[in-house]
Peer 1: 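Quick one: the structure is below, questions incoming.
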Amino acid sequence: MKKISRRSLSVLLIAALVLTGMFWFIREEYRHGRKWAMYFSMFNPEAEGELLDRNGVMLAAFGKEAHVYAKDWPTRVANYHVTGDYVGMTGTGLLTHFWGSASDYDFLYGIKNEKSGSLSLSIDAEANTYAYRLLSQYGKGCVLVMDYKTGEMICLVSCPSVDPAYPEEELEDGAYVNRALTATYTPGSTFKLVTSAAAIENVPDLESMTFRCSGELDIAGVKITCMEAHGTQTFEQALANSCNCAFAYLTYMHVGQRLMVQYATDYGFLTGHTIDGLYTSAGNYPTEFVGDPELAWSGIGQSTDQVCPFSMLRYVAAIANDGLLAEPTFLKGGSAGKTASLLNASTAKRLQELMRNNVTSHYEEEVDFAALPFCAKTGTAETGLGTSHSWFTGFLQDEEHPYAFVAVIEEGGFGLWAAGLLINKLFQHMIHSGTV
Ligand SMILES: [Zn+2]
């Protein structure tokens with residue numbers, strides 16, 4: 001009997017070891033599997049591979065003979081801030097970034113001598129090319145589109161850009177900067193979405209309050225102004241009117257600096273983030289005591305507020321997805337269900353309604369969205385030089401096209417009439433031409 005039980009004990013032990021090993025392998029494959037698919041290495045002169053967009057369009061290909069890029073100029077330039085180049089001139093290019101993951105792959109599978117590999121990106125190169133063409137008509141800026149269900153980045157363009165095949169040609173200043181990931185801008189009224197969340201959760205009678213706007217509000221001798229007198233408004237109407245007076249009052253009278261700082265921090269506006277290991281820029285919000293007038297300005301997205309477009313994308317993507325942020329990625333297939341809770345579900349749902357109301361009660365009067373169910377917020381951010389950055393951010397409330405977006409056009413003027421028009425044209429193109 002003793003012998004048998006000892007034997008069964010060893011069998012159990014072996015089974016436990018096998019199971020542990022399998023568990024470890026599956027866990028590691030889950031964590032790194034998608035990266036391992038890209039197993040070419042900068043240090044391996046034999047490496048051959050391709051970087052493809054979500055539809056199989058070649059963005060870069062390399063082998064023993066040559067390192068090449070997409071054949072046509074518009075595709076190369078529009079997608080430059082995604083692919084980067086073989087020498088790493090931009091810090092956020094995927095070509096150089098994914099080369100670094102080669103050792104992981106070798107370690108587990110031991111296929112160091114494999115000579116070919118390809119990586120399929122989530123980016124739609126054709127939509128990027130279209131977005132870049134639109135953006136370059138307006139000037140400098142960036143456009144980001146992400147699938148808020150899967151985390152897949154569909155578009156990322158930054159203007160001006162570079163032709164990686166002929167980089168020696170004369171470049172515009174700042175062409176290597178990826179404005180979508182590593183720039184920050186004054187957010188203007190798009191930041192009212194953050195102030196709104198703080199108010200929804202902390203001002204008990206918010207929805208029954210009314211706000212009077214005579215076109216200007218005096219706070220300790222400092223004037224906050226609106227484009228026009230908005231009269232008496234509810235909270236919902238004040239957001240749709242983008243009433244500076246109402247939001248300034250709400251910020252310094254009801255929310256206060258401590259909560260504003262807490263919400264800006266919790267929603268990730270003050271820290272940098274990573275996307276597939278690439279670093280994005282941290283933003284800014286006044287965290288030291290600044291007094292009522294400056295606090296009021298900060299609640300309407302002015303003051304020393306600075307926001308990275310990618311941080312705004314995370315925020316609106318989480319609002320669209322009932323508070324859950326699907327981890328953003330450039331890899332086709334998405335982030336394998338990895339999500340993080342960024343907002344309370346009820347707050348996210350209320351913001352969805354408010355952003356839909358912005359469009360149906362105001363923006364649709366001026367822009368023909370051709371029945372696309374946009375939920376959005378405009379921003380016209382004063383630069384201090386007499387010009388304004390144009391912002392448009394939000395998402396499509398559509399199961400088939402679950403896209404969150406941010407567009408920023410530097411010195412582009414009014415939010416709706418530059419960035420808003422651009423996003424509308426891009427989405428009409430993407431959805432009606434069936435590219436996504
Ligand atoms: Zn007003």
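Order of listing sets the numbers, starting from 1, for every ligand and every atom in it. It should be emphasised that the depicted structure is a prediction, and the values quoted were computed from it without experimental measurement. All heavy atoms count here, side chains included; hydrogens, waters and symmetry mates do not. Residue indices begin at 1 and follow the sequence shown.
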Peer 1: Check side chain to side chain contact (heavy atoms under 4.5 Å, CB included) between Glu294 and all other residues, then give those that pass, not counting sequence neighbours.
Peer 2: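 Only Val290, Trp297, Ser303 meet the side chain to side chain contact (heavy atoms under 4.5 Å, CB included) criterion with Glu294.
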Peer 1: Among Phe62, Tyr80, Tyr86, whose ring pair (Phe, Tyr, Trp, His ring centres under 6.0 Å) with Tyr69 holds?
Peer 2: Tyr86
Peer 1: What are the protein N, O or S atoms, given as residue plus atom name, that sit under 2.8 Å from the Zn ion (ligand 1)?
Peer 2: Cys213 SG, Cys226 SG, His230 ND1, Cys243 SG
Peer 1: Hey, what do you get for CG (Leu250) to CE (Met260), rounding to the nearest 0.5 Å?
Peer 2: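 These two atoms lie 9.0 Å from each other.
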Peer 1: So, applying ring pair (Phe, Tyr, Trp, His ring centres under 6.0 Å) with Phe405, which one of Tyr148, Phe395, Phe374 is it?
Peer 2: Phe374
Peer 1: Using ring pair (Phe, Tyr, Trp, His ring centres under 6.0 Å) as the criterion, point out the one residue from Tyr315, Tyr263, Tyr285 that pairs with Phe269.
Peer 2: Tyr315
Peer 1: Check Arg350 with Glu207, please: is the shortest side-chain N to carboxylate O separation under 4.0 Å?
Peer 2: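 Salt bridge: yes.
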